[in-house]
Structures are given as C-alpha cells and as structure tokens.
Peer 1: 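Attaching a single structure in structure tokens format; questions to follow.
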Amino acid sequence: MALDPRSIYVTALKNTHALELQALQIMERQVERLQRYPEMEAALRRHIQETHGQRDRLEEALSSLGDGPSAIKEGFLGFVGNMMALGHVPAQDEILKNTFANHAFENFEIAAYTSLVTIGDAAGQSAHRTAFEQSLREEQAMAKTVAELIQPTTLRYLELR
C-alpha cells in the first residue's frame with residue numbers, strides 16, 4: 001500500500017519530534033555531570049534551549065496538519081535516550097565517549113532535518129520550511145561546536161587524570 005506524500009511528511013515530523021525528545025534526554029543527563037568541562041556544559045545548555053524551540057516548531061507543524069507527536073515513538077526513544085545517557089556513566093572516560101556520541105548524534109539530526117525539508121517540499125508542505133531550515137542551521141552549528149570541543153575536552157580529560 002503506497003502512502004501519500006502528506007502521510008509520509010506527517011510521519012517524518014513525528015520521527016523528528018521523537019528524535020528531539022531523545023536528544024533532550026541525552027543532553028539533560030550529561031549536563032548534570034559536566035562541572036569540570038565548562039565549555040561543553042555551556043554548549044549543551046545552550047543547545048538544550050535550542051532543542052526546546054525545535055520541538056515547538058515541530059509541534060506547531062504537526063498541529064497545523066491536525067496531528068500530534070507519537071506517544072509510542074516518544075516513549076521508546078525517551079527511554080533509549082536515557083539509557084544512552086547513562087550508558088557511559090560508569091566509564092572512566094565518560095566525557096570522551098559522550099563527546100563522540102554527541103558529535104554523531106548531531107550529524108544524525110542534520111540528516112533528519114535535511115530529509116524532513118526534502119519530504120516537505122515533495123509533499124507540497126512548505127509552510128514550515130523556514131522553521132526547519134532554522135533547526136537545521138542550529139544542528140549544524142552544534143555539530144561544529146562539538147567537533148571543535150573534541151580536542152580541548154580530550155586535553156582537559158588528560159589534565160584531570
């Protein structure tokens with residue numbers, strides 16, 4: 001059974017919304033333990049605020065289409081996000097593993113927003129394109145920030161050891 005472009009777009013909105021919930025779960029758990037890494041802590045705190053705005057934009061788009069987030073996807077990805085955030089806690093090099101994971105996750109979100117904009121265009125749903133392009137720019141900026149923090153974070157980790 002083929003889905004119409006609008007249905008595919010709604011699914012992409014729900015998937016991206018659930019992804020942002022997962023991102024919040026991960027960042028909110030990490031930021032609690034970054035006192036010795038103030039640059040990373042500041043970047044995550046700033047991006048947490050951006051992520052709330054991204055979720056608001058997605059919710060607005062879903063609402064305008066007469067739909068809402070998927071409770072099942074959100075519940076599952078929220079759980080996964082918490083497990084991912086806690087998965088590195090026992091590791092001596094938690095900060096390094098989290099930094100690598102954050103870099104990968106930001107690039108995953110870049111791909112998700114790029115796909116969402118593409119699907120929206122194909123479905124003739126351009127009303128929220130500008131908002132999602134803003135989210136995409138925020139994800140690109142955060143990916144760049146995390147990439148730039150890999151070396152100083154690693155050096156700080158070595159210094160603390």
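Numbering of residues begins at 1 and proceeds along the displayed sequence.
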Peer 1: Between Asp67 and Lys14, is there a salt bridge with N-O shorter than 4.0 Å?
Peer 2: yes

Peer 1: Any donor-acceptor pair under 3.5 Å linking the side chain of Asp4 with the backbone of Ser7?
Peer 2: yes

Peer 1: For residues 144-152, run the donor-acceptor check on the side chains, cut-off 3.5 Å, and write out each pair with its distance to 0.1 Å, sequence neighbours left out.
Peer 2:
{"from": "Lys144", "atom 1": "NZ", "to": "Glu148", "atom 2": "OE2", "distance (Å)": "2.7"}
{"from": "Thr145", "atom 1": "OG1", "to": "Ala141", "atom 2": "O", "distance (Å)": "3.0"}

Peer 1: Without hydrogens or angle criteria, can the side chains of Gln134 and Glu138 be said to hold a donor-acceptor pair below 3.5 Å?
Peer 2: yes

Peer 1: Could you state the interatomic distance from CD1 (Ile110) to CG (Leu136), rounded to the nearest 0.5 Å?
Peer 2: 6.5 Å

Peer 1: Answer yes or no: is there a side-chain heavy-atom contact under 4.5 Å between His128 and Arg57?
Peer 2: no

Peer 1: Quick check: do Tyr113 and Thr118 have side-chain heavy atoms less than 4.5 Å from each other?
Peer 2: no

Peer 1: Between Glu20 and His17, is any pair of side-chain heavy atoms under 4.5 Å apart?
Peer 2: no

Peer 1: For a 4.5 angstrom cut-off between non-hydrogen side-chain atoms, does Gln30 reach Asn102?
Peer 2: yes

Peer 1: For the CD1 atom of Ile8 and the CG atom of Asn15, what is their distance to the nearest 0.5 Å?
Peer 2: 11.5 Å

Peer 1: Measure the spacing between CG of Leu44 and CG of Leu34 and express it to the nearest 0.5 Å.
Peer 2: 6.0 Å

Peer 1: With a 4.0 Å cut-off, would you call Glu94 and Lys97 a salt bridge?
Peer 2: no

Peer 1: Any ion pair linking Arg55 and Glu59 (charged N to carboxylate O, less than 4.0 Å)?
Peer 2: yes

Peer 1: So, His47 versus Glu50: side-chain donor-acceptor pair below 3.5 Å or not?
Peer 2: yes

Peer 1: Between Phe108 and Leu19, is any pair of side-chain heavy atoms under 4.5 Å apart?
Peer 2: yes

Peer 1: Tell me which donor-acceptor pairs under 3.5 Å the side chains of residues 35-43 have, and how far apart each pair is, sequence neighbours excluded?
Peer 2:
{"from": "Gln35", "atom 1": "NE2", "to": "Glu32", "atom 2": "O", "distance (Å)": "2.7"}
{"from": "Glu41", "atom 1": "OE2", "to": "Arg45", "atom 2": "NE", "distance (Å)": "3.1"}
{"from": "Glu41", "atom 1": "OE2", "to": "Arg45", "atom 2": "NH2", "distance (Å)": "3.0"}

Peer 1: Do Glu139 and Asn107 meet the criterion of a side-chain donor-acceptor pair at a distance under 3.5 Å?
Peer 2: no

Peer 1: Enter the distance from Leu58:CG to Leu21:CG here, rounded to the nearest 0.5 Å.
Peer 2: 11.5 Å

Peer 1: Would you mind listing every salt bridge (Lys or Arg N to Asp or Glu O under 4.0 Å) that reaches into residues 117-128, with sequence neighbours excluded?
Peer 2: Asp121-Arg129

Peer 1: Between Pro5 and Ala122, what is the shortest heavy-atom contact and its length?
Peer 2: CB-O, 4.4 Å

Peer 1: Which atom names give the shortest non-hydrogen contact between Phe105 and Ala23, and what distance separates them?
Peer 2: CE2-CB, 3.5 Å

Peer 1: Should Phe132 and Gln54 count as side-chain neighbours, where that means a heavy-atom distance under 4.5 Å?
Peer 2: no

Peer 1: Would you check if Asp56 and Glu60 make a side-chain contact, meaning some heavy-atom pair closer than 4.5 Å?
Peer 2: no

Peer 1: Could you tell me which non-hydrogen atom of His103 sits nearest to which non-hydrogen atom of Ala143, and how far apart they are?
Peer 2: CD2-O, 3.6 Å

Peer 1: If we check side-chain contact (heavy atoms from CB on, under 4.5 Å) with Gln125, which of these qualifies: Leu116, Leu65, Leu13?
Peer 2: Leu65

Peer 1: Could you walk me through whether Ile95 and Leu160 satisfy the side-chain contact (heavy atoms from CB on, under 4.5 Å) test, starting with their C-alpha distance in whole Å, then the side-chain angles of each, then the deciding distance to 0.1 Å, before giving a yes or no?
Peer 2: CA-CA 11 Å; Ile95 184 63; Leu160 293 169; over 6 Å; no

